[in-house]
Every structure is written in C-alpha cells, then in structure tokens.
> 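Here it is, the structure in full.
Reckoned from all heavy atoms, side chains included, excluding hydrogens, waters and symmetry mates. All figures in this text were calculated on a predicted structure; none of them were measured in a lab.
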Amino acid sequence: MDVRILGGLSVRENGVSITPTAAAPRQLLALLTASADQVVPVTVLTEELWPSGAPRGARAELQAHIAELRNLIAAALRGAAPAEPRPGWSDRRSADAILVSQPGGYRLDTGGGVNDVWQFERAAGAGYRAMEAGDLSRAALRLGEALALWRGEPYAGVAAGPRLRREIERLETSRLSVLDQWVEAQLGLGRHAELVSELTGLVARYRTNEPLHAHLMVALLRCGQHDEALIVYERLRVALKSETGMEPSARLRRLQRSVLAVRDSAGRPAYAPRIPVQYSPVPYVPAQYAPERYGPARPRLVPAGSVG
C-alpha cells in the first residue's frame, strides 16, 4: 500500500486508488493512515467523525463506512499481483486482512508499502544528525529531500475533525522545524544571497513570525544591505504591535543593534559578518524544491523554542 499524506490524501493498493470521494469515508481513511499499522480505537474514530457527540446509529454508520473502504480495497486487489512484489506482499492479502477488525478498533495494514510521512521523518532525522555533526552540506541535502516530499498542505481536501487537526498541526510543526534547519544550513554554507529573494516573500506572508524575520535580517546583513535589514525589523515591530500589542523579542532587538553597529561603523568597508543564527522554526521554502507545490500558507505556527 502506498500512502501519500503531505498534500492531498492519496492511498493506493496494488497500484489502484482506494481513496473514497465521499467526505465521511475519506475522513475515516485519513485518520487510519495517520496511525497506519496501529489499532485506532472506535472511540477515536467516532470522536473524529462526530466531534459534537455521536448520534444514534453512529456505530452502524461507522461500520458502513468501513465496509465501503473494504469494497474499494477488494476492487483494487482483483487486479494482478505487482510485477515486483514489495516486502510484505502476499497473494493471500484480502480486504479484511488490510483493513483489520480488532477488539475495540480497526487497523490499516500497509504491508510494508511507501508512506511519505515516514520518508519525510527519515530524511529529516538524517538531516538533523548531519547538522549535529557539523556536516552542513549533507544536512542541506537531506533536509531538502525531506521538504521535497511535500506536495501541499497535509490531508488537503479532507474534512478534519479534532484528531486530524492535531495530526495536521504536528506535521506542520515538523515541517517548520525542518525548514528552519535547512535555512540555517544554507546560511552556514554562505548562501545568504540566494535566500534573500524568497525570504523576502515569506516575511510578507508571515508578518509576525520572528524567526523568519531574523533569518532575513541576517541574510541581508551578510549581503551588506544594512538599511534593508533594519526595514525588515521595523515592519516586524509594527506588525507585532498591531496584531499582538507586543514588541519584538530581546533576541531580535539585539540583532537590530548588531545591524546598527555595523552600519554606523564609520570609515570601514562594508563586509558581511557571520553572526550565528539560532532561531527556530522558520517557514522557509527552498526554490530548488518547487515551493509552488507547498500550497497556500497556513496560519502562523511557532512551536516551543522559537524566538522570544
């Protein structure tokens, strides 16, 4: 089974789509993929489908949706076996063995197929380890591979209840963390000039995201564009004051003072000081990994550990 989540939901068995078009079974399949190869309790499924409280007959309706998913799986299995069977493939696989009824819940057995979330997490983990080891080139490569797996918003086109919304937020937070580390790796490799244009567009989209503005200020400073870096800070300050009533964090204020000090160094040639960057996470989308595929911007998410 191939599961694609990082964009519109796509689930294929034996090369055939088993993603339903109807909203409720589609939502049910989405939640099962979020815990692929694990038992999802019936209580969790009903909470997702009926967050305001399950109506009378909810259990029967849930079973009808499960039956619909199994019918789609059975239709996919009626095709020939794959030309190159994957690990876990068995000619005895059946709809009931793929969407398994277990005490208290259901389990979607992927049979060792592809799951883009697992691919993302493996590539991201390799990138983080490379960052810790100081191998910035490898970190940039592996983190870029992780970002390239994103085709749009996670579970796009699925009506999300409380459980799926939490999963979507978890995935977005993971993506932002990877994006932040990717930018740091690129800055560490001296590629600040290549980042300025796209970072400029992103700060316009994320008007109050401090880490993102900090990265752009550093990139501009290293390019010798001191006044432009100060403008970025001022726009952030105005946006924060307008939307939250707060001033930029102490770290951003220190960065602003660093820019002022460099700009006001009379009689010195402009240069690009390499100020360490330790802001996270930053929603940056690298150009070489097709940012247009990432879909529309989501509301600002700043997990714990961000600037401020």
> Provide the closest heavy-atom pair for Ser265 versus Ala261 in the form atom of the first, atom of the second, distance.
OG-O, 2.7 Å
> So how far is it from Arg12 CZ to Thr19 OG1, rounded to the nearest 0.5 Å?
8.0 Å
> Which pair of non-hydrogen atoms, one from Gly144 and one from Trp182, has the smallest distance, and what is that distance?
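Smallest interatomic distance, heavy atoms only, reads N-CD1, 3.3 Å.
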> If Ile, Leu, Val, Met, Phe, Trp and Tyr residues are connected whenever their side-chain heavy atoms lie under 4.5 Å apart, and connections chain through other members, are Leu29 and Trp50 in the same group?
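Yes, one cluster joins them.
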> So, His215 and Asp180: side-chain donor and acceptor under 3.5 Å apart, yes or no?
yes
> Using modelled atom types and a 3.5 Å cut-off, is there a donor and acceptor pairing between side-chain atoms of Glu48 and backbone atoms of Arg163?
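Checking the backbone N and O of Arg163 against the side chain of Glu48, a donor-acceptor pair under 3.5 Å is found.
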> Does Arg170 pair with Glu167 as a salt bridge, N-O distance under 4.0 Å?
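So Arg170 pairs with Glu167 through a salt bridge.
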> If every non-hydrogen atom of Pro25 is compared with every non-hydrogen atom of Leu69, which pair is closest and at what distance?
O-CD2, 3.9 Å
> Leu216, Leu260: one ILVMFWY side-chain cluster at the under-4.5 Å cut-off?
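Result: yes, single cluster for both.
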> Hey, could you give me the CZ/CD distance between Arg191 and Gln186, rounded to the nearest 0.5 Å?
4.5 Å
> What is the minimum heavy-atom distance between Ser137 and Leu189, and which atoms define it?
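Looking at all heavy atoms of both residues, the closest pair is OG-CD2, 3.7 Å.
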> For Tyr128, enumerate each residue passing the side-chain hydrogen bond (donor to acceptor under 3.5 Å, both in side chains) test, keeping only those at least two apart in sequence or located in another chain.
Ser177
> For Arg107, check salt bridge (Lys or Arg N to Asp or Glu O under 4.0 Å) against everything at least two apart and list the hits.
Asp109
> Between Ile73 and Ala95, what is the shortest heavy-atom contact and its length?
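Closest approach of Ile73 to Ala95: CG2-CA, 3.8 Å.
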> Write down the atom of Ala30, the atom of Val158, and the distance for their closest heavy-atom approach.
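Closest pair (atom of Ala30, atom of Val158, distance): CB-CG1, 3.8 Å.
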> In residues 228-240, what donor-acceptor pairs under 3.5 Å come from side-chain atoms, sequence neighbours left out?
| unit_1 | atom_1 | unit_2 | atom_2 | d |
| --- | --- | --- | --- | --- |
| Glu234 | OE1 | Arg237 | NE | 3.2 |
| Glu234 | OE2 | Arg237 | NE | 3.2 |
| Glu234 | OE2 | Arg237 | NH2 | 2.6 |

> Is it true that Leu32 and Val100 fall in one hydrophobic cluster, defined by side-chain heavy atoms closer than 4.5 Å?
no
> Give me the one residue out of Asn115, Leu108, Thr33 that meets side chain to side chain contact (heavy atoms under 4.5 Å, CB included) with Met1.
Leu108
> Mind checking the CG-CZ spacing from Leu99 to Arg70? Nearest 0.5 Å is all I need.
4.5 Å
